[in-house]
Amino acid sequence: MNLKDENLYYVGGVVRDEILGLPSLDIDFCYEGNAIEFAKNSGLNIVKENPDFGTVRVLYEGQEIDIASTRTETYPQAGHLPVVDKIGCPLKDDLKRRDFTVNAMAKNTLTGEIVDYFNSKDDLKSKKLRVLHQNSFIDDPSRIIRALKFSARFGFGLDDCTKTLQEECLGNINYDMSYHRIKKEIKETFNLNSDKLLREFIRSGIYKLLGKNQDIPEIKGSAENLINLVKPCICWIVYAGLFDLSNFDLTKEESDIIEWVKKLKRANISSEWNLYRLFSESPIESVIIYGLVREYDLAYHYLKSLRSIKPLVNGNDLINLGIEQGKLFKEIFEFITEEKFKNPKLSKEEELALIKNKYL
Ligand code: ATP
Ligand code: MG
């Protein structure tokens with residue numbers, strides 16, 4: 001990226017990643033002053049602007065980039081979204097509102113100088129996550145989940161004072177909060193697909209941030225192993241779905257997964273055929289969650305072996321046999337699926353022969 005100005009900085013994670021020698025997931029720019037005016041005065045191609053937040057999206061060398069004005073924020077209600085206080089504040093004040101010192105550095109786009117007001121480089125060297133002020137977790141508890149995410153991604157640990165602040169916050173949660181950011185961070189964290197991370201989520205009580213009266217699940221085996229058997233899936237919900245997610249604004253697909261888990265828990269699985277049918281109707285994520293809290297070996301067996309058993313005949317084959325689409329179609333598929341289940345080695349010809357024999 002060649003965009004350069006004496007007041008324009010790379011900021012946050014991108015600076016951290018560069019020092020760590022790692023690629024960045026995204027690049028954040030911040031302009032010391034008003035970014036929208038900067039974009040206009042520099043003749044940049046503006047795609048979108050949001051004057052309330054002082055942010056602007058520009059098209060530069062074929063790429064869309066977001067530039068934020070330096071800003072201060074306040075939290076009139078702890079745990080809710082902040083309100084913008086001042087747009088165009090000094091860079092230092094903008095860096096102060098950030099989550100951890102390691103994410104509070106800026107790098108000047110013109111001179112390449114790294115601005116480090118809070119000993120961030122030292123913390124980065126010693127792999128320490130340190131909040132920038134006492135109220136940080138109370139203001140925004142999603143930072144606790146961010147800390148867990150960064151500890152898993154980079155092997156960072158909490159500095160002692162930050163650890164105490166985290167414990168205090170988790171010991172006295174005000175549940176009147178915005179769950180939007182909590183969900184976003186939970187998604188990013190559990191998409192890392194890590195058993196170790198789940199253990200830490202439970203051990204340190206971070207799960208309490210999902211809502212009141214959470215039960216601690218008794219986990220029967222490795223989530224990673226089940227997930228790795230059936231990629232792709234909505235990875236994060238396999239972990240988060242072990243808890244009560246009623247505070248989350250779930251999509252239809254996500255809430256279906258949770259409903260299916262309830263259904264599987266209620267079901268009476270009396271035979272392998274019965275298990276196969278029930279699991280093959282369920283979203284795969286529900287099968288994994290069910291396995292993690294109830295019948296690990298059954299879920300493993302299904303995901304590893306039974307799941308791939310499927311008839312070779314398809315709808316066209318039935319139409320070619322002169323069978324019309326409708327109720328009978330469904331019945332024939334049920335029949336041939338069960339036959340295939342009993343004898344997975346059936347060839348397509350043998351499947352067709354069985355169908356002809358019974359239905360024609
Ligand atoms: P990643 O590699 O996951 O993108 P990141 O540190 O860049 O890590 P982003 O979510 O992209 O994280 O946020 C960019 C920057 O914005 C952070 O580095 C941090 O300075 C700031 N930030 C993000 N979320 C918060 C938060 N909840 N509270 C305070 N500052 C935050
Ligand atoms: Mg980032």
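Along the sequence shown, residues are numbered consecutively beginning with 1. Both ligands and their constituent atoms are indexed starting at 1 by order of listing.
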Can you tell me which residue and heavy atom of the protein come closest to atom 26 (C) of ligand 1, and the distance to 0.1 Å?
-> D140 OD2, 3.6 Å
Salt bridge present between D123 and K127 (N-O < 4.0 angstrom) = no
Tell me, with the steps shown, if F335 and Y359 meet ring pair (Phe, Tyr, Trp, His ring centres under 6.0 Å).
-> CA-CA 10 Å; F335 161 74; Y359 290 96; 5.7 Å; yes
Could you tell me how the ring of F100 sits relative to the ring of F150: parallel (under 30°), tilted (30 to 60°) or perpendicular (over 60°)?
-> perpendicular
Run the ring pair (Phe, Tyr, Trp, His ring centres under 6.0 Å) check on F279 and Y302 step by step: do they pass?
-> CA-CA 8 Å; F279 280 2; Y302 170 79; 5.2 Å; yes
Which heavy atom of the protein is the closest neighbour of atom 19 (C) of ligand 1, given with residue, atom name and distance?
-> D99 OD1, 3.5 Å
What donor-acceptor contacts under 3.5 angstrom involve side-chain atoms of residues 11-21, with partners at least two apart or in another chain?
| residue | atom | partner | partner atom | Å |
| --- | --- | --- | --- | --- |
| R16 | NH1 | N103 | OD1 | 2.8 |
| D17 | OD2 | S24 | OG | 2.9 |
| E18 | OE1 | K107 | NZ | 3.2 |
| E18 | OE2 | K107 | NZ | 2.9 |

closest protein heavy atom to atom 6 (O) of ligand 1 is R16 NH1, 2.8 Å
Which residue supplies the protein heavy atom nearest to atom 18 (O) of ligand 1, what is that atom called, and how far is it?
-> G13 N, 3.0 Å
Is there any salt bridge (charged side-chain N to carboxylate O under 4.0 Å, His left out) pair reaching into residues 271-287, and which pairs are they, with sequence neighbours excluded?
-> R277-E334
To which protein heavy atom is atom 20 (O) of ligand 1 closest, and what is the distance rounded to 0.1 Å?
-> N103 O, 2.8 Å
Evaluating non-hydrogen atoms only, which member of E73, R143, R153 is closest to atom 28 (N) of ligand 1?
-> R143
Metal environment of the Mg ion (ligand 2), protein N/O/S under 2.8 Å = D26 OD1
Does the distance from a Lys or Arg side-chain N to an Asp or Glu carboxylate O, for D66 and R57, drop under 4.0 Å?
-> yes
Apply salt bridge (charged side-chain N to carboxylate O under 4.0 Å, His left out) to R71 and D94, showing your working.
-> CA-CA 5 Å; R71 64 173 190 263; D94 178 285; 5.7 Å; no
Go through the structure and list residues passing salt bridge (charged side-chain N to carboxylate O under 4.0 Å, His left out) with K92, not counting sequence neighbours.
-> none
Closest protein heavy atom to atom 4 (O) of ligand 1, given as residue, atom name and distance to 0.1 Å | D26 OD1, 3.1 Å
Is the shortest distance from a heavy atom of E185 to ligand 1 less than 4.0 Å?
-> no
So which of M105, R146, K149 gets nearest to atom 24 (N) of ligand 1, if we judge by its closest heavy atom?
-> R146
Check G79 against P141 and note the closest heavy-atom contact, atom names and distance.
-> CA-CD, 3.9 Å
Using a strict 4.0 Å threshold on nitrogen-to-oxygen distance, state whether R181 and D140 make a salt bridge.
-> yes
Protein residue, atom and distance nearest to atom 16 (O) of ligand 1, heavy-atom basis = R98 NH1, 3.4 Å
What residue and heavy atom of the protein are closest to atom 14 (C) of ligand 1, and at what distance?
-> D28 OD2, 3.2 Å
For the residue pair F38 and Y31, categorise the inter-ring angle as parallel (less than 30°), tilted (30 to 60°) or perpendicular (more than 60°).
-> parallel
Going by the order shown, which atoms of ligand 1 are within less than 4.0 Å of some heavy atom of F150?
-> 6 (O), 8 (O)
